There are 2 protein chains.
Amino acid sequence: MTATTPTPSPEAEWLRLDRQICFSLHAASRAFNSVYRVILKDLGLTYPQYLVMLVLWEQGDLPVKKLGEHLRLDSGTLSPLLKRLEAAGLVHRERSARDERSVEVRLTQQGAALKERALEVPRRIVSATGFDVDEIRDLKARLDQLTGTLDAAASEEGTN
Amino acid sequence: MTATTPTPSPEAEWLRLDRQICFSLHAASRAFNSVYRVILKDLGLTYPQYLVMLVLWEQGDLPVKKLGEHLRLDSGTLSPLLKRLEAAGLVHRERSARDERSVEVRLTQQGAALKERALEVPRRIVSATGFDVDEIRDLKARLDQLTGTLDAAASEEGTN
DNA sequence: GGTCATTTAGTTGTGCACAATTAAATCGTG
DNA sequence: CACGATTTAATTGTGCACAACTAAATGACC
């Protein structure tokens, strides 16, 4: 065995760099989540529930499948989440008449009305980031690029 | 003032912008997680477990409290996670003799040995991002700045 | 028309994040 | 020393993410 040298090996350096990167993203995601938690508490929504409502407000009624495509979430995540939104009276779920495999998610009147109260959320979030709109746009572009590359890499690794 | 036009109101535009930002970060975080899941499967670690191991490899044995400070995680998350690492034979938990409130987390020989096999992980992760080291460093800096501002905002909002 | 593959939701089980609470040990102060 | 405040883990409960599986409906092909 070699004695432990004060100067770390190049690979050990990589381990540290790795920790810094993955940790930074992990931390940023949780920090965002935490801010949303505080701001959304008044609306009675969690962050993922808010994402679902945003899609419905923007796109109108959708089957669970389409909702999952927009959010990249599967039924294992959406089914219980939608049940909670239904229990809260914000959405209604109904088997499609045309295709009974499909379940249509519709906003209730209460769910549609909640949009008014949600209008102030984005301003508060953007304000909390301390970034201006251009910086946010730039960061978003990089993150999207990163996600695209990572998704491709994940499916390649998966086929090994 | 203008009547409601087919062009969405400024606030509705913000709702969409907001969805794009928060969603991008959320998606990037999950995409990263997904790549780590594939790469770490061989080591029998999840992504948060890997983070814990990285800290232990870098810092040596630590009490749960210190571990939580490094990772910004509380005992509600760490306790069950550490139990699983202990069940896998990678760490050992022991009440400190000096202060019996504290639990010392120590790497087992097996846990320390796992570092060797983990050395190749960072290279594969960095490769999967498609970014070079400078781009990663830049992204990390932005994310850290974002996290810092968000954390401050969360505690301010919390005191309202 | 009958059979098989596909599509779509839902269920189950595992693991993480976090708030709230509990319990035990320690520390500070009189 | 005694008492109250603080520190530290653990536990409990809720919710999200995802893999693996089930079930039901649909569609395609012979």
Side-chain angles (χ1 to χ4, degrees), chain A residues 22-23 25-38 40-41 44-52 62-69 71-88 93-105 151 154-155 158, chain B residues 22-23 25-38 40-41 44-52 62-69 71-88 93-105 151 154-155 158:
Chain A
C22 67
F23 181 72
L25 191 75
H26 200 57
S29 178
R30 286 188 295 140
F32 239 122
N33 213 309
S34 176
V35 171
Y36 271 105
R37 195 193 326 280
V38 172
L40 292 175
K41 196 165 59 181
L45 292 175
T46 67
Y47 178 40
Q49 288 168 7
Y50 172 69
L51 292 178
V52 167
L62 289 173
V64 173
K65 179 65 188 283
K66 290 285 181 191
L67 206 47
E69 284 170 6
L71 298 168
R72 296 179 193 272
L73 290 173
D74 68 8
S75 63
T77 300
L78 285 175
S79 289
L81 189 157
L82 291 170
K83 272 189 190 173
R84 284 185 283 270
L85 286 180
E86 187 170 42
R93 292 180 304 149
E94 200 170 13
R95 287 274 162 195
S96 162
R98 283 208 334 277
D99 183 345
E100 289 200 7
R101 293 171 304 182
S102 180
V103 168
E104 197 79 12
V105 181
D151 279 347
S155 44
Chain B
C22 66
F23 181 72
L25 191 75
H26 200 58
S29 178
R30 286 188 296 139
F32 240 122
N33 213 310
S34 177
V35 171
Y36 271 106
R37 195 192 328 279
V38 173
L40 292 176
K41 195 165 59 180
L45 292 175
T46 67
Y47 178 40
Q49 288 167 9
Y50 172 68
L51 292 178
V52 167
L62 288 173
V64 173
K65 180 65 189 288
K66 290 285 180 188
L67 206 48
E69 285 170 5
L71 298 169
R72 296 179 193 273
L73 291 173
D74 67 10
S75 64
T77 300
L78 285 176
S79 289
L81 189 157
L82 291 170
K83 274 190 191 173
R84 284 185 284 270
L85 286 180
E86 186 170 42
R93 292 179 305 147
E94 200 170 13
R95 288 271 162 199
S96 162
R98 284 209 333 277
D99 183 344
E100 289 200 9
R101 294 170 302 180
S102 180
V103 169
E104 197 81 11
V105 180
D151 279 347
S155 45

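Everything numeric in this text was worked out from a predicted model, so none of it was measured. Chain letters run A, B, ... following the sequence lines, proteins first, then strands; residues in each count from 1.
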If you compare all heavy atoms of A/Leu25 against all heavy atoms of B/Ala28, which two are closest, and at what distance to 0.1 Å?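 Here A/Leu25 and B/Ala28 meet closest at CD2-O, 3.7 Å.
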
Testing the basics here: between B/Leu51 and A/Cys22, what is the closest heavy-atom pair and its distance to 0.1 Å?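 B/Leu51 and A/Cys22 have their closest heavy atoms at CD2-SG, 3.4 Å.
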
Selection from [options] that lies nearest to any side-chain heavy atom of [X]:
{"X": "B/Ser75", "options": "D/dT11, D/dA19, C/dA9", "value": "D/dT11"}
{"X": "A/Val64", "options": "D/dT26, C/dA9, D/dA10", "value": "C/dA9"}
{"X": "B/Thr77", "options": "C/dA17, D/dA17, D/dA25", "value": "C/dA17"}
{"X": "A/Pro48", "options": "D/dC18, C/dA9, D/dA17", "value": "D/dA17"}
{"X": "A/Val103", "options": "D/dT8, C/dA9, C/dT11", "value": "C/dA9"}
{"X": "B/His26", "options": "D/dT8, C/dT11, D/dA17", "value": "D/dA17"}

Could you tell me whether the side chain of A/Thr46 has a donor or acceptor atom within less than 3.5 Å of a complementary atom in the base of D/dG15?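 Looking at the base of D/dG15, it does not pair with any donor or acceptor on the side chain of A/Thr46 (distance under 3.5 Å).
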
Below 3.5 Å, does any donor atom in the side chain of A/Ser79 face an acceptor in the base of C/dA9, or the other way round?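 Such a pair does not exist between side chain and base.
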
Expressed as a whole number of angstroms, how long is the span from [X]:[atom1] to [N]:[atom2]?
{"X": "B/Arg101", "N": "D/dT7", "atom1": "CZ", "atom2": "P", "result": "9 Å"}
{"X": "B/Leu81", "N": "D/dA10", "atom1": "CG", "atom2": "C1'", "result": "14 Å"}
{"X": "A/Arg98", "N": "C/dT8", "atom1": "CZ", "atom2": "P", "result": "11 Å"}
{"X": "A/Leu67", "N": "C/dA9", "atom1": "CG", "atom2": "C1'", "result": "13 Å"}
{"X": "A/Leu25", "N": "C/dA17", "atom1": "CG", "atom2": "P", "result": "13 Å"}
{"X": "B/Gln49", "N": "C/dT14", "atom1": "CD", "atom2": "C1'", "result": "11 Å"}
{"X": "B/Tyr47", "N": "D/dC18", "atom1": "OH", "atom2": "P", "result": "13 Å"}

Need one value for [X]: base, sugar-phosphate or nothing, where a base atom within 4.0 Å counts as base even if backbone is also close, heavy atoms only.
{"X": "B/Lys66", "answer": "nothing"}
{"X": "A/Lys41", "answer": "nothing"}
{"X": "A/Leu73", "answer": "sugar-phosphate"}

Where each residue is assigned the nucleotide of DNA chain C containing its nearest heavy atom, which of B/Pro80 and A/Lys65 is assigned the position nearer the 5′ end?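 Looking at the nearest nucleotide for each, A/Lys65 comes out on the 5' side.
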
Starting at the 5' end of DNA chain C, which residue's closest nucleotide do you reach first, A/Asp99 or B/Ala97?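 Nearest nucleotide further toward 5': that of A/Asp99.
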
Plane angle bin for A/Tyr36 and A/Tyr47 - parallel if under 30°, tilted between 30 and 60°, otherwise perpendicular: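 A/Tyr47 vs A/Tyr36 ring planes: parallel.
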
How long is the straight-line distance from CG of A/Asn33 back to NE2 of B/His26, given to the nearest 0.5 Å?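 Interatomic distance, B/His26 NE2 to A/Asn33 CG, rounded to 0.5 Å: 7.0 Å.
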
Find which nucleotide of DNA chain D each of B/Arg95 and A/Glu100 is nearest to by heavy atoms, and output the residue with the more 5' nucleotide.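 Closest to the 5' end, via its nearest nucleotide, is B/Arg95.
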
Between the main-chain N or O of A/Arg101 and the side-chain N or O of A/Arg95, is there a donor-acceptor pair closer than 3.5 Å?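 The answer is yes, because a donor-acceptor pair under 3.5 Å joins these two groups.
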
